[in-house]
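In what follows, a single structure is set out as structure tokens and then discussed.
Note that the structure is predicted; figures quoted are calculated from it, not measured. Lettering follows sequence order; numbering is per chain, from 1.
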Number of protein chains: 2
Amino acid sequence: MNTQEKIIESATVLFLEKGFDRTSVREIASKANINISLMNYYFRSKEILFETIIDLLIGKAAASLKDILDAEIDLNEKISQYTGKYIDMLIRNPLLVSFVLAVLNRNPEKLIKLKVTDNLYTTKKFSQQLNNEYLKGNIKKVDPEQFYLNMLSLISFPFAMKHLIIEKNQFSQEEFDRFITERKEIIYNTLISYLKP
Amino acid sequence: MNTQEKIIESATVLFLEKGFDRTSVREIASKANINISLMNYYFRSKEILFETIIDLLIGKAAASLKDILDAEIDLNEKISQYTGKYIDMLIRNPLLVSFVLAVLNRNPEKLIKLKVTDNLYTTKKFSQQLNNEYLKGNIKKVDPEQFYLNMLSLISFPFAMKHLIIEKNQFSQEEFDRFITERKEIIYNTLISYLKP
DNA sequence: ATTCATTTTAAACACTTGTTTAAAATGAAT
DNA sequence: ATTCATTTTAAACAAGTGTTTAAAATGAAT
């Protein structure tokens, strides 16, 4: 593993855990076992390093999900798959939601200007599908923006609230994951029952 | 307005807008038009000032909502009122969700140890009501924790995503508020349709 | 073996941070 | 008018920040 990779790896962990402001370049360098100056040698600034990592983190997570949302499959099946895969991904990356929300509220431009954001929040094809299903009489008329936002809220918000949920219910890590996994079906049923004509 | 109040007022605005880390005591003092040292004279540290403001912000917001959740009224009516009042409150305090989530992820203990947190996330009476309605055959069997979390997610998450929603749909401030207001009924219908036996 | 670009190092820089100090101002009670 | 606790002020402190500098080490190409 070369220096650049070491920096990225250490910085990713620290930025995820403590955010941009509370992570110092000295801490990153120390964790990566490299000299501080190398941070500015490979990336020109802490800021640029951060943007690089935002891009990496969101890019990896969003790509496969976007594919599901755009796939040409049955609506119910799509909602089920999307919910399931999204939650699986977040269980593997439990800090991702808070990280993205933190960036979004500190540097909205920073997130919005990224191409990966399109994958993070886009609904064009999905909206068409919802409209088609309505015209076919399969579902009731819904605002696709609102419906997609509902889906996203039900999936993501619990991870932003993780600490509170764990504390309040006295969950262990495993119990939290189980609680979240149970949500897959609940979220699916919630969304589908709303769509019923 | 005395010095203490001036500090609280200025600090509240800045902490809400920029968070704890990116707000300096000098900035607060400057905005309040007072000497820096007065911050440590009235509050012993920036940290304590912050905790004071957390308490104030959450306390004000959570109290009335808790009352609705605990009230002895019809379940449908309760869900409708809770959703409506919660969203009204968040439209008046659009930065509150992000603020609370930021605190929750940086200093979980800080939030959890506060008494006001009980009002922020507690479901005891509401859970009983859900169970009762199930026994009466009025609704299907649901996990109260999950159902309450759904409610909270649908209400709160859009405010955490505000910047992205505005950007993506090219909303003005007023259009965002309208979009959110439309959600009241959508959220109500979503939750109710899921409860149908 | 020498050259030379790439990579690494230690040290310093300029700046901001929260907090403390000790003196000064204020204003009500005697 | 004096006392004295409360409040305000200016200045300094110690520590931490991201970044830059210039010298040193490295290692492949000549």
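At least one side-chain heavy atom of A:Ile79 sits under 4.5 Å from a side-chain heavy atom of A:Leu195. Between B:Glu167 and B:His163, every side-chain heavy-atom pair lies at or beyond the 4.5 Å cut-off. Contact check for A:Ile28 versus A:Leu49: side-chain heavy atoms found under the 4.5 Å cut-off.
Side-chain contact, B:Glu145 with B:Ser127: no donor N or O sits under 3.5 Å from an acceptor N or O. Side-chain polar atoms of A:Lys46 and A:Thr23 form no donor-acceptor pair below 3.5 angstrom.
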Please list, one pair per line, the donor and acceptor atoms closer than 3.5 Å that link side chains of residues 52-71 of chain A to other protein atoms, with sequence neighbours excluded.
unit_1, atom_1, unit_2, atom_2, d
A:Thr52, OG1, A:Ile48, O, 2.8
A:Lys66, NZ, A:Asp70, OD2, 2.8

Subject >> Watson-Crick or G-U pairs under 3.5 Å in DNA chain D, rendered as dot-bracket with [ ] for crossing pairs and | for another strand >> reply: ||||||||||||||||||||||||||||||

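Taking the six-membered ring wherever Trp is involved, the centroid distance between the rings of A:Phe15 and A:Phe99 does not fall below 6.0 Å.
Taking a 4.0 Å limit (strictly below) on heavy-atom distances, residues 12-27 of chain B reaches DNA chain D at B:Arg26. Of the residues in residues 33-42 of chain A, A:Asn35, A:Ser37, A:Leu38, A:Tyr41, A:Tyr42 come within less than 4.0 Å of DNA chain C through at least one heavy atom, sorted by number. A heavy-atom distance below 4.0 Å to DNA chain D is reached by none of the residues of residues 45-57 of chain B.
The minimum heavy-atom distance between A:Met89 and A:Leu96, with the atom names listed, is SD-CD2, 3.9 Å. Residues A:Ile187 and A:Leu154 come closest through the heavy atom pair CD1-O, 3.4 Å. Here the closest heavy-atom approach between residue B:Ala160 and residue B:Leu101 is recorded as CB-CD1, 4.1 Å. What you find for A:Pro158 and A:Ile165 is that their closest heavy atoms are O-CD1, 3.6 Å.
Between A:Phe176 and A:Phe179, the ring-plane angle classifies as tilted under the 30° and 60° cut-offs. The aromatic rings of B:Phe20 and B:Phe50 sit tilted, their planes meeting at an angle between 30° and 60°.
You can see that DNA chain C meets the heavy atoms of chain B within a 4.0 Å-exclusive cut from C:dT17 to C:dT21, reading 5' to 3'.
No salt bridge links A:Glu175 with A:Arg178; every basic N to acidic carboxylate O contact stays at or beyond 4.0 Å.
Both tests do not hold together for A:Lys162 against A:Phe171: distance to the six-membered ring centre under 6.0 Å, angle to the ring axis within 45°.
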